[in-house]
Amino acid sequence: MLRALISALGWRGGIQGCAFSSRQPHLTPTGLLSATELISHWTAVFEKRGIPEARESSEYIVAHVLGAKTFQGLRPGLLTQPLTRWQLRYIQELSSYRLQRMPVQYILGEWDFHGLSLKMVPPVFIPRPETEELVEWVLEEVTQRPHVVGAHGGPLILEVGCGSGAISLSLLSKLPESQVIAVDKGEAAICLTHENAQRLQLQDRIRIIPLDVTLEQNWVHLLPWSPVDLVISNPPYVFHRDMEQLAPEILSYEDPTALDGGEEGMDIITHILALAPRLLKDSGSIFLEVDPRHPELIGSWLQSRPDLSLNLVAVRRDFCGRPRFLHIRRSEP
């Protein structure tokens with residue numbers, strides 16, 4: 001399943017500006033002229049070189065060159081008709097990047113998230129499939145439980161660590177009355193969220209602010225827009241000792257600061273939790289994506305900080321059955 005690969009890899013995408021090996025690329029044998037033949041050929045090459053999800057990788061690359069998002073989206077006639085010389089060269093070029101363990105999302109320069117086509121450029125974090133489940137949970141809470149938002153229409157949402165803008169823009173697209181404040185400390189992330197918001201014509205309902213939540217004085221820059229209804233984040237949560245075990249795609253291409261959460265994966269999480277009560281409305285909610293080991297750790301941490309008036313009210317599992325998402329609510333005074 002490519003979904004498993006995406007979850008394991010750190011998709012952060014686009015091939016411009018990246019350094020590659022000077023190794024001679026694998027050449028496509030003459031006589032392989034159709035999409036079906038090219039997929040079979042590159043699948044075999046990827047498998048021989050130990051590339052994960054070999055067939056899915058080749059299908060995405062060939063489909064992209066032929067103008068489709070997926071292999072299944074290709075018109076039947078395109079599968080057997082001869083490819084042009086330009087198409088063959090382009091497939092060979094993109095496949096050579098995959099041989100260097102570049103994630104497919106970087107190679108294609110775009111990826112779909114929750115029905116939105118987002119531009120992906122390095123080193124900005126490429127969203128995982130699990131994060132779509134976080135978005136679904138937030139939408140469920142907002143639409144089915146009015147107390148999450150209150151009586152003034154759509155929610156005002158703060159996203160911490162917006163990356164490509166995937167979470168913020170997905171919520172804006174599904175909640176037409178909502179507004180978002182998106183913050184990130186990375187200049188590349190800020191620029192990419194701006195670009196994706198404009199591509200989707202959602203720029204009028206989102207404020208994108210460069211901000212590092214680990215700096216104590218920075219939270220005051222958000223006060224003009226408080227109180228917010230929701231704080232949402234998919235923060236860096238990988239335990240530092242686990243970083244070296246990540247796939248080559250992550251280690252070679254991802255910005256480690258978007259993944260490394262410190263000794264127990266909670267460095268950024270605790271900053272978000274300490275910041276949130278200053279900006280949340282009474283009974284406002286925080287939704288987090290975390291490591292499966294975190295619900296217990298975060299529950300204990302919150303109990304040690306009663307001054308924050310935050311309560312862990314729900315834990316939800318991801319599609320693999322791991323406790324992955326948290327709903328934390330600010331207590332009413």
Side-chain angles (χ1 to χ4, degrees), residues 1-18 20-21 23-122 124 126-129 132 164 166 169-170 173 192 195-196 198-201 249 253:
M1 295 285 289
L2 187 67
R3 180 176 271 242
L5 173 67
I6 300 169
S7 178
L9 304 184
W11 298 116
R12 294 199 170 239
I15 52 181
Q16 294 95 347
C18 294
F20 303 108
S21 165
R23 182 176 56 208
Q24 181 72 21
H26 183 94
L27 298 178
T28 304
T30 57
L32 296 178
L33 299 179
S34 73
T36 302
E37 290 173 321
L38 263 292
I39 287 170
S40 296
H41 166 71
W42 283 107
T43 296
V45 173
F46 291 157
E47 288 176 343
K48 185 177 180 180
R49 297 283 188 88
I51 304 299
E53 301 294 339
R55 184 166 188 86
E56 288 83 353
S57 295
S58 62
E59 287 181 351
Y60 271 110
I61 288 170
V62 171
H64 177 74
V65 172
L66 295 181
K69 287 185 177 294
T70 65
F71 175 70
Q72 293 73 20
L74 288 170
R75 289 186 291 104
L78 287 177
L79 299 179
T80 55
Q81 74 179 39
L83 275 66
T84 67
R85 188 172 299 177
W86 176 87
Q87 289 171 327
L88 291 171
R89 285 201 304 266
Y90 193 17
I91 290 170
Q92 179 174 301
E93 178 185 3
L94 298 186
S95 297
S96 71
Y97 297 143
R98 187 71 188 107
L99 285 172
Q100 296 173 66
R101 302 299 291 264
M102 174 177 275
V104 170
Q105 285 87 336
Y106 280 163
I107 295 169
L108 305 185
E110 63 181 7
W111 198 249
D112 283 1
F113 180 88
H114 209 263
L116 302 180
S117 181
L118 300 173
K119 182 176 179 180
M120 296 289 157
V121 297
V124 181
I126 298 175
R128 273 71 164 176
E132 295 191 39
S164 64
L169 298 174
S170 296
S173 69
L192 186 56
E195 185 168 353
N196 278 326
Q198 291 171 347
R199 282 162 55 105
L200 297 168
Q201 298 184 344
E249 283 82 350
Y253 295 97

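Scope of the values below: all heavy atoms of this structure, side chains included, with no hydrogens, waters or symmetry mates.
- Contacts of Arg55 classified as salt bridge (Lys or Arg N to Asp or Glu O under 4.0 Å), with partners at least two apart in sequence or in another chain: Glu59.
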Applying side chain to side chain contact (heavy atoms under 4.5 Å, CB included), run through Thr70 and Tyr60 and close with a yes or a no. CA-CA 6 Å; Thr70 65; Tyr60 271 110; 4.1 Å; yes
Mind running side chain to side chain contact (heavy atoms under 4.5 Å, CB included) on Asn196 and Leu116 for me, showing each step along the way? CA-CA 10 Å; Asn196 278 326; Leu116 302 180; over 6 Å; no
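- Atom CE of Met102 and atom CZ of Arg98 lie 10.0 Å apart (nearest 0.5 Å).
- Atom OG in Ser173 sits 13.0 Å away from atom CD in Gln201 (nearest 0.5 Å).
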Please report the C-alpha distance between Leu88 and Leu38 in whole Å, then the side-chain angles of each, then the deciding distance to 0.1 Å, and finally whether the side chain to side chain contact (heavy atoms under 4.5 Å, CB included) criterion is met. CA-CA 8 Å; Leu88 291 171; Leu38 263 292; 3.7 Å; yes
Take Arg49 and Gln100 through the test side chain to side chain contact (heavy atoms under 4.5 Å, CB included) and record every step on the way to the result. CA-CA 10 Å; Arg49 297 283 188 88; Gln100 296 173 66; over 6 Å; no
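- Rounding to the nearest 0.5 Å gives a distance of 12.0 Å between CG of Leu94 and OG of Ser57.
- Looking at heavy atoms from C-beta onward, Val62 lies out of side-chain contact with Phe71 at the 4.5 angstrom threshold.
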Does the side-chain hydrogen bond (donor to acceptor under 3.5 Å, both in side chains) test come out yes or no for Ser95 and Gln92, once each step is laid out? CA-CA 5 Å; Ser95 297; Gln92 179 174 301; over 6 Å; no
Pair Glu93, Tyr97 - check side-chain hydrogen bond (donor to acceptor under 3.5 Å, both in side chains), show working. CA-CA 7 Å; Glu93 178 185 3; Tyr97 297 143; 3.1 Å; yes
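- A salt bridge between Lys119 and Glu110 is absent, with no side-chain N of the basic residue lying under 4.0 Å from a carboxylate O of the acidic one.
- Every side chain to side chain contact (heavy atoms under 4.5 Å, CB included) that Ala166 has, sequence neighbours left out, goes to Phe113, Leu118, Pro127, Ser164.
- Ser58 meets the side chain to side chain donor-acceptor pair (under 3.5 Å) test with Thr43; sequence neighbours excluded.
- Between the side chain of Glu132 and the backbone N or O of Pro129 there is no donor-acceptor pair closer than 3.5 Å.
- Of all non-hydrogen atoms in Glu249 and Pro52, the two that sit nearest each other are OE2-CD, 3.7 Å.
- In this structure Tyr90 satisfies the ring pair (Phe, Tyr, Trp, His ring centres under 6.0 Å) test together with Trp86, sequence neighbours excluded.
- With sequence neighbours left out, Glu47 forms a salt bridge (Lys or Arg N to Asp or Glu O under 4.0 Å) with no residue at all.
- Not a single side chain to side chain donor-acceptor pair (under 3.5 Å) links His64 to another residue, sequence neighbours left out.
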What side-chain donor-acceptor pairs closer than 3.5 Å can you find for residues 74-82, not counting sequence neighbours?
none

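- For Gln72, the CD atom counts as densely surrounded, since its 6.0 Å shell holds more than 12 non-hydrogen atoms of other residues, nucleotides or ligands.
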